[in-house]
Amino acid sequence: MLDPALLREHLDDVRARLETRSDEHNADLDRLMKADRERRAILPELETNRRARKLVGEQVARARKAGENGGKLAELMQTGQEHGAVIKALETRLGSVEEERDACAHTLPNLPHASVPVGSSEADNVEIRRHGEPPRFDFDPRPHWELGPALGIIDFERAVRMAAARFAVLTGTGARLARALINFMLDLHTGEHAYTEIEPPFLANAAALTGTGNLPKFEQDLFKVAGDWDLYLIPTAEVPLCNLHRKEILDGRLLPARYVAYTPCFRSEAGSYGKDVRGLIRQHQFDKVELVAYAAPETSWDVHEELTLHAEEVLKRLGLPYRTVLLCTGDMGFAASKTYDIEVWLPGHDAYREISSCSNTEAFQARRAGIRFRRDGKGKPEHVHTLNGSGVAVGRALVAILENCQQRDGSVVIPEVLRGYMGGLEVIEPVR
RNA sequence: GGAGGGAUGGCCGAGCGGUCGAAGGCGGCGGUCUUGAAAACCGUUAGCGGGGAAACUCGCUCCAGGGUUCAAAUCCCUGUCCCUCCGCCA
């Protein structure tokens, strides 16, 4: 949600900045401002009537106490009743105006930060830095969807039979490799980057999903639980982690607060058919270790840089080549003010592919979710800034290891940092 | 799933139709006293939305949403959550 004061005072500026995003927002913006004006017109009238009713009530009480019970009293009650009718009518109107206002406010995306390049697609993103060299093979590297089944660690066919397309089964060493990655990442972020580990619910309600910005606009991306439940499978641990402090006022002295969680993530991927149909890249269910930070406004941009480096550190230690890209206005997510994508090199795709996305949403989510803090633990509550980043996507990391660490004979060398988590195993050998 | 009990300010807890945004206590903050601290005492201490340059002022808020009433923390209905007992269960 955008800052209402900013909208009232700098509407044209907001309009221009929203225009740099891909969608059209003028209609919603105009509806929002109209509802806001109506609301502010109704309010004084409502309050005058409520005040009048209150005074009448007090007069009735006093008259009663004085033993009055004749026409005077009846007259007072009559005027009270009239105020009541006016109040009820105004409240009804106010209710629908506020509903309209909130509906519009919830569909408007965040404003891009001034440092974000203006652009319309992926092609306008700006590379910030690279780390590592793509490996050179003296043979034709194979994609992971061939390597995985050949190694006997990924099974796509059985997953389809028990669930549907775009699910996968990891077996034996494959399952252990995923678990090793999860544990390695959690240990790194908790042990060296000072994040607090959380195991949250894997289902979230509509209020939580509205707080992060997934609802109301992107319901088609979510799996909703059937039956009489107001619950969805989480599309990312960002949802529970950002809602950990929903409707709370935090002690500013404890900021920045950092949380890390491993969770499976569930996405319907509606409308993405034909894209990345092969392999583990785009699944309905995938594992992810997620980083979330709550920061005071003046430190959030430093925390953003830091959080991005925390995610990069995972790839550095795994020995995977990657680059970090600053997303342009047209490629950013709904809630983000600024986003770095970390893209890992995939020999099977002969391209860098997203493995992490690190965003500062500033107060956008905090306003929706009612997350505030008090400086020094006292004073006026202000909205915090919330940040999130993958640290990193487990399935894609597994893909990157298979494709980057493959050898001519089809075996895969396990990165050293994972071997302790794999019972000392150094190489995954193909099934004979 | 069945039967009861509950939800009040940062926390505990009173109030059970009228002047209650709410007694009292704890905690926090400021002060008096003290070389300093503790104790004691005094004062102060919610959020949101309007208006105002400000002092300030008006309204809303006692789990949430409806209702009754001139008037609701207080009465009625619905929902959510928590507790106790029974059943079931990893």
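We name chains A, B, ... by the order of the sequence lines, and we start the count at 1 in each one.
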Please determine, for [N], whether a Watson-Crick or G-U wobble partner exists with both distances under 3.5 Å, and give it or none.
N	answer
rA7(B)	rU80(B)
rA23(B)	none
rG1(B)	rC86(B)
rC41(B)	rG31(B)

Open item on the list: Please determine whether the number of non-hydrogen atoms from other residues, nucleotides or ligands lying under 6.0 Å from atom CZ of Arg93(A) exceeds 12.
Closed with: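 Counting other residues, nucleotides and ligands, CZ of Arg93(A) stays at 12 neighbours or fewer.
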
- [ ] Carefully, step by step, assess His383(A) and Phe373(A) under the rule ring-ring contact (aromatic ring centres under 6.0 Å, His included).
- [x] CA-CA 6 Å; His383(A) 287 108; Phe373(A) 75 104; 9.4 Å; no

Task: Among rG51(B), rG47(B), rC60(B), the nucleotide that comes nearest once only the side chain of Arg374(A) is considered - done: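 The answer is rG47(B), which lies nearest to the side chain.
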
Task: Side chain of Glu47(A) - closest among rG51(B), rG59(B), rC70(B) - done: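 Nearest to the side-chain atoms of Glu47(A), counting from C-beta on, is rG59(B).
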
Task: Near-ring test Tyr232(A)/Phe223(A), centroid separation under 6.0 angstrom - done: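 No, the ring of Phe223(A) stays outside the 6.0 Å limit from the ring of Tyr232(A), centre to centre.
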
Open item on the list: Using ring centroids (six-membered ring only for Trp), state whether His385(A) and Phe364(A) fall under 6.0 Å.
Closed with: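 Centroid separation for Phe364(A) and His385(A): 6.0 Å or greater.
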
Base, sugar-phosphate, or nothing: which does [X] touch, judged by heavy atoms less than 4.0 Å apart?
X	value
Lys247(A)	nothing
Leu76(A)	nothing
Gly57(A)	base

OP1 or OP2 of [N] sitting under 4.0 Å from any side-chain N/O of [X]?
X	N	value
Arg50(A)	rG59(B)	no
Arg8(A)	rG50(B)	yes
Lys88(A)	rU68(B)	yes

TODO: Send over the distance from Asn49(A) CG to rA71(B) C1', rounded to a whole Å.
DONE: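 That distance rounds to 15 Å.
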
TODO: Rounded off to whole Å, could you give me the NZ-to-P distance for the Lys54(A) and rU57(B) pair?
DONE: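 One finds 13 Å between P of rU57(B) and NZ of Lys54(A), rounded.
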
Task: Distance-only donor-acceptor test (3.5 Å): side chain Arg39(A), base rG49(B) - done: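 Per atom types, no contact qualifies.
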
- [ ] Taking the side chain as every heavy atom from C-beta outward, state whether Tyr262(A) and Lys288(A) have any pair of such atoms under 4.5 Å apart.
- [x]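 No, too far: nothing below the 4.5 Å cut-off.
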
- [ ] Determine the Euclidean distance between corresponding C1' atoms of rA22(B) and rU80(B); express it in Å to zero decimal places.
- [x]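 These two C1' atoms come out 25 Å apart once rounded.
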
